[in-house]
2 protein chains.
Amino acid sequence: MSLPHAILTALLEKPSSGLELTRRFDRSIGYFWSATHQQIYRELGKLEADGLIRALPSQQPARGQKKSYEVLPAGRAELARWTAASQDPKPHRDTLLLRLRAAAVVGTAGLETDLRRHLELHERQLAEYEEIEQRDFPPGRDGTEDRLRHLVLRAGIDLETFWTQWLRRALADFAELPDGEPT
Amino acid sequence: MSLPHAILTALLEKPSSGLELTRRFDRSIGYFWSATHQQIYRELGKLEADGLIRALPSQQPARGQKKSYEVLPAGRAELARWTAASQDPKPHRDTLLLRLRAAAVVGTAGLETDLRRHLELHERQLAEYEEIEQRDFPPGRDGTEDRLRHLVLRAGIDLETFWTQWLRRALADFAELPDGEPT
DNA sequence: ACGGTTTATGCAACTAGTTGCACAAGGTGA
DNA sequence: TCACCTTGTGCAACTAGTTGCATAAACCGT
């Protein structure tokens with residue numbers, strides 16, 4: 001339900017082709033709304049058919065040819081409507097927590113290694129976010145757009161901070177546990 | 001990919017019928033792996049067909065009759081295998097962050113009310129978790145199972161704490177913003 | 001000038017999750 | 001006693017997301 005709106009947002013920030021969008025999703029929007037290139041192309045087709053975006057002229061739409069899109073007024077209106085509409089938070093699904101709970105009944109064998117790996121991944125992500133913060137949000141700038149985008153980035157930073165801390169605590173706990181566990 | 005394992009975990013904790021599972025998902029496991037009753041019934045069917053669980057005897061399987069399941073050795077083995085297997089974290093998707101980012105381009109109109117509503121929801125959830133912590137994990141108990149389950153609950157508490165704090169900061173930021181925004 | 005890699009677009013089939021509804025049994029009040 | 005509500009099980013259709021592959025142009029070295 002939100003992919004089209006993620007794409008509209010990205011296109012408003014800058015008109016792009018499918019592949020450019022894919023890359024931008026990998027770098028920024030994708031941090032909280034990931035999408036594969038196939039999803040993106042499919043959705044671009046739908047959005048165009050619905051009259052919310054259109055292909056920029058100047059290139060004929062041939063295979064292996066770049067095709068860029070821009071947002072039409074109807075698309076901007078739809079995005080504004082969606083942004084303002086009240087929405088319930090979707091329940092999260094987290095495999096790692098589920099595995100921990102499963103480990104309480106079938107034993108913790110093998111889990112510790114993966115906790116360590118997750119910790120590394122989250123540390124790396126955190127470092128990346130902090131780099132972005134330093135680069136894009138130096139102190140002193142406070143336009144509305146910057147403020148909002150910075151807020152989103154802060155959410156990312158704080159979430160990764162939470163995970164690294166929680167994983168460290170989990171690993172410390174594991175160290176004290178009798179290993180193996182009953183089966 | 002994880003629903004069957006969530007169900008196996010729940011059934012190992014206590015053999016149950018479909019509806020009982022549904023209720024328990026709403027209360028505990030569902031906090032990090034939600035599922036509707038239809039999903040659960042379908043999955044119970046598959047798990048039974050695969051020989052990982054079986055219906056407890058003593059009730060004939062008629063419509064509108066309770067039918068309880070228990071985990072078979074093959075099911076326990078599968079759960080242990082899955083728990084130990086290394087898995088990559090799935091990227092999160094968060095609509096609220098996406099909407100904030102969209103608001104940076106189409107304006108913040110209408111968003112603040114919903115931020116406030118989300119804050120309330122997260123505060124309520126946090127209170128619920130803290131109640132569970134006090135009830136189920138009084139200081140002093142430290143069996144392995146308790147330790148692990150407490151760790152999972154701590155993740156829930158810390159996550160909700162993060163959200164409430166982040167939302168308060170966001171609302172404070174909003175208060176300073178020129179409202180309305182360009183279109 | 002031709003074979004391989006990169007860039008770019010896209011289809012088809014599959015898996016997981018959601019929504020809406022149907023059906024049966026048992027209890028409850030009028 | 002019969003209409004209605006609750007409890008419990010389940011099917012079918014739909015939506016969203018994933019995986020695997022096909023195609024085509026352009027660029028690049030030899």
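In what follows, every chain begins at residue 1, and chains take the letters A, B, ... in the order their sequences are listed.
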Is a salt bridge present between A/R117 and A/D114, judged by a nitrogen-to-oxygen distance below 4.0 Å? yes

Thinking salt bridges, do A/K90 and B/D94 make one under a 4.0 Å N-O criterion? no

Report the nucleotide, chosen from C/dC21, D/dT18, D/dC21, that has the shortest atom-to-atom distance to any side-chain atom of A/R42. D/dT18

Under a 4.0 Å N-O cut-off, is there an ion pair linking B/E120 with B/R124? yes

Can you tell me the distance, in whole Å, between the NZ atom of A/K46 and the P atom of C/dC11? 12 Å

Looking at C/dG17, does its base get a donor-acceptor pair with the side chain of B/Q38 below 3.5 Å? no

Below 3.5 Å, does any donor atom in the side chain of A/R23 face an acceptor in the base of C/dT7, or the other way round? no

Tell me the interatomic distance from B/E43, atom CD, to D/dT9, atom P, rounded to whole angstroms. 16 Å

Are A/R168 and A/E123 close enough for a salt bridge, meaning some N to O gap below 4.0 Å? yes

Could you give all pairs that pass the ring-ring contact (aromatic ring centres under 6.0 Å, His included) test and reach residues 86-116 of chain A, with sequence neighbours left out? none

How about A/R149 and A/R154: do any of their side-chain heavy atoms sit closer than 4.5 Å? no

Would you say the base of C/dG17 and the side-chain of B/Q39 have a donor-acceptor pair closer than 3.5 Å? no

Specify the residues of residues 1-19 of chain A, ordered by number, for which at least one heavy atom lies under 4.0 angstrom from an atom of DNA chain C. A/S17, A/G18, A/L19

Compare side-chain N and O positions of A/R93 against OP1 and OP2 of D/dG17 and report whether any pair is under 4.0 Å apart. no

If I take atom OH in residue B/Y41 and atom P in nucleotide C/dC23, what distance separates them, rounded to the nearest angstrom? 17 Å

